[in-house]
Structures are given as C-alpha cells and as structure tokens.
Amino acid sequence: MMEECLKPLCDDEKMPALNTIKQFISKREISRYRFWQEIGLGRDTAYRLCNDQTYIPTGNVLEKICATYKVQPGELLNWIPDD
C-alpha cells in the first residue's frame, strides 16, 4: 500500500514546511471526523494531517483537500525559510 503522505523529516534535518490543517479546520469549525469524511482519505492519514504539523501531504492529497474546500495550497502549508 502506498503512503498517502510524505514521512516527516528526521530531527536532524531542516523542516522546509509545516502543514496548517489543524488551524484550517479549526477556523472553519470542521471536526477531524468531518474532515476525514469529506476529503475521502484513509482515517489514519486524515487524523495524522490534523495532529502532526510535520506530516506534509503529497500532491494528490493536497489536491483532494483543495478541491473539496475550494482553497489554495498556501492555506494548508506554511513554508519555513532557512535561517
């Protein structure tokens, strides 16, 4: 079975981005359960996206979320510049 999302980076690697899905659904008063049901992903993937900011969605997953909620990817990801 293929992973639906990229694995988080190791602690010693630089994190280029964080997902902001938890804040996104909270602002829209969408429960994690409803998010899971509406986007049609596996339950574990949907919940992990909500609970783990380092879990970055693949292009296909990001496309599903954007199409479902009619949003741009920038509303779901926050780029972290190198220091």
Side-chain angles (χ1 to χ4, degrees):
M1 186 168 154
M2 290 187 59
E3 279 291 316
E4 293 184 49
C5 292
L6 300 175
K7 294 180 182 176
L9 297 174
C10 298
D11 290 337
D12 60 341
E13 295 179 10
K14 204 70 161 143
M15 179 62 58
L18 295 173
N19 89 52
T20 57
I21 293 170
K22 183 176 184 176
Q23 295 88 340
F24 173 82
I25 66 171
S26 177
K27 187 165 70 171
R28 288 166 175 72
E29 298 181 356
I30 300 168
S31 69
R32 292 180 303 162
Y33 177 82
R34 185 172 145 206
F35 174 73
W36 164 48
Q37 294 295 305
E38 289 179 342
I39 60 174
L41 295 174
R43 185 192 64 172
D44 291 344
T45 299
Y47 278 64
R48 187 162 182 200
L49 283 167
C50 295
N51 295 328
D52 183 355
Q53 285 188 305
T54 65
Y55 204 51
I56 305 301
T58 63
N60 289 338
V61 170
L62 197 55
E63 186 176 351
K64 278 185 177 185
I65 298 168
C66 290
T68 299
Y69 295 108
K70 310 289 188 251
V71 297
Q72 295 295 316
E75 294 181 59
L76 306 169
L77 298 173
N78 187 22
W79 176 69
I80 309 297
D82 292 334
D83 290 334

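Between Thr20 and Leu77 the shortest heavy-atom distance is OG1-N, 3.7 Å. In terms of heavy-atom proximity, Trp79 sits nearest to Pro16 at CD1-O, 3.1 Å. When all heavy atoms of Cys66 and Pro73 are compared, the pair lying nearest together is SG-N, 3.7 Å.
Between Leu18 and Thr54 there is a side-chain heavy-atom pair separated by less than 4.5 Å.
Formation of a donor-acceptor pair under 3.5 Å by the Asn19 side chain with backbone atoms of Pro57 is not found in this model.
To the nearest 0.5 Å, atoms CD1 (Ile30) and NZ (Lys22) are separated by 15.0 Å. Rounded to the nearest 0.5 Å, atoms CG (Asn60) and CD1 (Ile65) are 11.0 Å apart. To the nearest 0.5 angstrom, Tyr47 atom OH is 10.5 Å from Phe35 atom CZ.
Evaluation of the salt bridge (Lys or Arg N to Asp or Glu O under 4.0 Å) test over residues 25-36, restricted to residues two or more places apart or in two chains, returns Arg28-Glu75, Arg34-Glu38.
Under the 4.5 Å side-chain contact rule for hydrophobic residues, Leu49 and Tyr69 share a cluster. Using a 4.5 Å cut-off between side-chain heavy atoms of Ile, Leu, Val, Met, Phe, Trp and Tyr, with links allowed through other members, Val71 and Leu41 fall into the same hydrophobic cluster.
The one candidate from Asn51, Leu76, Asp52, Ile39 that meets the side chain to side chain contact (heavy atoms under 4.5 Å, CB included) condition with Ile21 is Leu76.
More than 12 heavy-atom neighbours from other residues, nucleotides or ligands sit within 6.0 angstrom of CD on Gln37.
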